[in-house]
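Naming convention: chains lettered A, B, ... in sequence-line order (proteins, then strands); numbering from 1 in each chain. Remember, it's a predicted structure, so these values are computed and weren't measured experimentally.
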There are 2 protein chains.
Amino acid sequence: MERRSLTLEDVAREAGVSRATVSRVINGVRNVDPAIRDVVREAIERTGYAPNRAARSLVTRRTETIALVISGAGEESDGPAHGDGPSHDHDPSHGDGPDGPHNAFAARVFADPFFGRVVSGVVGFLRPRSMHPVLMVAESAAARKQVTGFLRQGSADGALVVSTHAEDPLPAMLVAEGLPAVCFARPARPVPVSYVDLAHRAGGRLAAEHLLAGGRRGLVTVTGPLDLPAGQERLAGFRETLERSGMPYVPIAEGHFTRESGAEAMARLLAEHPALDGVFVANDLMAQGACELLRERGRSVPGDVAMVGFDDSSVALTCRPPLTTVRQPVERMTAAMAALLQEHVQGTRTEPTSLIFEPELVVRDSA
Amino acid sequence: MERRSLTLEDVAREAGVSRATVSRVINGVRNVDPAIRDVVREAIERTGYAPNRAARSLVTRRTETIALVISGAGEESDGPAHGDGPSHDHDPSHGDGPDGPHNAFAARVFADPFFGRVVSGVVGFLRPRSMHPVLMVAESAAARKQVTGFLRQGSADGALVVSTHAEDPLPAMLVAEGLPAVCFARPARPVPVSYVDLAHRAGGRLAAEHLLAGGRRGLVTVTGPLDLPAGQERLAGFRETLERSGMPYVPIAEGHFTRESGAEAMARLLAEHPALDGVFVANDLMAQGACELLRERGRSVPGDVAMVGFDDSSVALTCRPPLTTVRQPVERMTAAMAALLQEHVQGTRTEPTSLIFEPELVVRDSA
DNA sequence: GTGAAAGCGCTAACAT
DNA sequence: ATGTTAGCGCTTTCAC
């Protein structure tokens with residue numbers, strides 16, 4: 001049943017040439033007589049030959065595989081306990097128990113609509129090149145070791161890192177080991193690593209301008225986590241613009257990019273500034289929460305309060321009303337990450353590089 | 001900068017033993033003197049050695065990698081055109097253009113909250129075993145070839161297949177090539193392949209019983225695609241139960257598991273049966289659509305109309321009101337898929353096997 | 001332009 | 001219990 005896999009040797013015999021020639025044909029090296037080339041191609045076709053990845057990888061030192069890492073900060077496993085073997089994990093909900101997700105982190109991350117767009121962009125770039133990402137989750141120290149180990153043993157050529165927390169140590173670890181990596185968003189503390197990011201400040205500006213253009217003057221904002229560059233910059237852009245319009249003071253409430261925190265922040269703002277008539281919420285998930293809270297409190301959107309979100313994630317459409325939002329071209333950004341990583345792997349680019357994308361205002365019904 | 005990677009040889013020298021011994025220690029083979037074992041371990045630690053995956057894979061004929069394939073039916077690329085090379089694609093939106101996702105399929109799939117749960121379950125099983133899934137999308141004939149090719153060249157040991165359409169030819173292709181595979185849900189047409197599935201019929205029953213228990217008598221249902229076993233069975237279970245309660249006739253409207261189709265189906269039902277007071281919607285996404293439509297039409301949920309969804313996906317919580325729904329333990333199911341595949345790969349199980357999971361009613365606010 | 005041959009780093013007989 | 005050795009299937013000099 002398990003037919004011994006075909007080798008170059010078999011194809012070579014079939015075509016009446018040497019292994020080397022078949023190899024050349026497969027790898028598209030010139031210096032091959034067109035006639036012979038066709039004969040070989042036919043032999044490959046006829047036999048259904050598929051080159052062995054491991055063998056090739058062993059000699060080329062390339063895997064043509066990249067890792068897509070969803071990485072969190074040190075949370076659980078960086079606590080006081082240490083010295084355990086690398087495969088042990090301190091999270092009590094860990095393990096392949098009957099409860100499905102081995103930990104809350106993975107479940108949370110994969111449920112985020114943002115994740116789908118990330119994957120979509122990466123796959124969009126990779127697939128036409130016959131490459132496919134290996135998905136890794138790294139929220140603990142042990143998991144991060146797994147990532148570097150994975151790369152060091154040559155299981156992948158490099159890593160695409162999407163961090164969910166500001167203090168993620170993974171980028172620095174990768175750099176320290178000399179492993180090719182590209183991050184989504186500039187790391188909170190400087191690391192000589194390539195990254196792709198959004199012009200967050202410009203995004204905040206777009207939001208402010210739109211709200212202002214709509215005649216709103218009682219403006220407030222629900223910010224993202226202010227220890228994240230993205231959180232700071234979006235706020236800065238928003239503030240800046242209002243300031244230029246003679247509104248130096250803007251009430252703010254900090255959220256952490258979750259729906260619940262958006263609702264809570266909105267509640268605080270509403271309590272302190274009942275006259276508000278426009279709000280910039282630093283991501284769509286929080287905007288959804290804010291929207292619901294506003295409705296509960298009897299304020300209509302956009303009638304009483306105009307709202308601009310950020311990201312243009314799927315919830316922007318799901319939300320009632322559909323959200324006017326600052327679109328982050330996530331798919332293009334993650335595709336660019338893959339392209340950049342590819343260059344680093346191939347050695348056609350060596351210096352850490354950053355690519356900044358421009359946001360775009362998508363006007364729907366909320367403002 | 002690029003330090004030549006360490007080899008077994010280096011570690012062996014460092015530890016003063018032979019390559020074979022180091023190999024034994026690493027692979028946990030007995031027959032190693034504990035003292036020597038420790039010396040070797042220390043040498044590994046000291047040198048920071050990481051075994052080369054390709055080299056190992058070449059001899060073991062195992063990759064310790066599995067593919068997670070999100071697969072659609074033949075759609076675009078199975079049209080009249082054919083004979084193109086495998087890397088060509090007919091979808092005009094294909095390619096790494098500036099528009100992000102190389103095709104609508106990937107974008108649609110990855111945006112589905114269901115996808116996150118699938119990944120979460122798979123990763124939950126794999127990660128404690130230091131394995132990581134390779135993500136593949138296969139919605140065209142060419143893409144499916146890529147999948148079988150990927151496995152045939154030994155890039156992965158087997159595939160986990162999640163089909164989004166009834167007539168997906170991939171499972172049959174995999175079986176025909178003798179490649180290890182496990183599917184999510186029973187294939188629409190019989191294929192001798194292992195799969196994990198839900199007792200859909202029991203789920204339909206749960207929904208009916210709950211609605212009945214709530215005193216609702218004007219019951220209708222929005223079904224899933226009726227060419228899918230899941231669609232048929234959920235309906236059958238629902239019908240069955242009502243029939244036993246003396247309600248042989250149930251108005252139905254078919255949807256295709258999208259929010260829009262749910263709203264449309266609900267609209268049809270409402271037009272024909274304005275007196276309805278309870279509805280079973282065959283998935284949460286459609287339920288959300290139905291819910292919104294009901295509200296637009298001035299019917300409150302659950303006041304005027306009680307609603308039970310299916311899946312318990314993230315939208316069940318997002319939905320206003322939060323959905324009472326039939327929970328599908330997706331994470332456990334996909335973890336089981338991975339476990340089953342593992343057995344097939346290791347040869348500890350050879351016959352196609354099916355694992356059926358029981359659904360569970362989650363009562364929230366909509367019914 | 002093509003073939004012969006030398007490894008890539010590892011595991012698994014087989015010897016010892 | 002440990003070392004020696006023969007490949008796994010491929011790419012890549014190096015001759016021709």
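- For B:R61, counting side-chain heavy atoms from C-beta on, the closest listed nucleotide (C:dC10, D:dT11, D:dG9) is D:dG9.
- Contacts between residues 11-20 of chain A and DNA chain D, defined by a heavy-atom separation below 4.0 Å, involve A:R19, A:A20, listed by number.
- Position along DNA chain D of the nearest nucleotide to B:R37 versus B:L58 favours B:R37 as the more 5'-ward residue.
- Taking 4.5 Å as the limit, some side-chain heavy atom of A:T148 sits within range of a side-chain heavy atom of A:L174.
- Under the 4.0 Å criterion applied to side-chain N and carboxylate O atoms, B:E42 and B:R46 are assigned as salt-bridge partners.
- Contacts between residues 28-35 of chain A and DNA chain D, defined by a heavy-atom separation below 4.0 Å, involve no residue at all.
- A salt bridge links B:E139 with A:R127: the distance from a Lys NZ or Arg NE/NH1/NH2 to an Asp or Glu carboxylate oxygen falls below 4.0 Å.
- In this structure, B:R62 and B:S57 have side chains that are not in contact, with every pair of non-hydrogen atoms separated by 4.5 Å or more.
- Contact of B:R53 with C:dG9 (side chain to base): no donor-acceptor pair of N or O atoms is detected under 3.5 Å.
- Relative to the six-membered ring of A:F150, A:R152 misses at least one condition, a distance below 6.0 Å or an angle of at most 45° to the axis.
- Residue B:T60 has its side chain nearest to C:dT11 when only D:dG9, C:dT11, D:dC14 are considered.
- At D:dT11, one or more side-chain N or O atoms of A:N27 fall inside 4.0 Å of OP1 or OP2 (strictly under the cut-off).
- Over its length, the helix from C:dG1-D:dC16 to C:dT16-D:dA1 turns its helix axis by 40°, as judged from the five terminal pairs at each end, rounded to 10°.
- Comparing atom distances between the A:T21 side chain and each of C:dT2, C:dC8, D:dG7 picks out C:dT2 as nearest.
- An OP1 or OP2 oxygen of C:dC8 is reached within less than 4.0 angstrom by no side-chain nitrogen or oxygen of B:T7.
- Of the two residues contacting DNA chain C, namely A:I36 and B:A54, the nearest-nucleotide position lying further toward the 5' end is that of A:I36.
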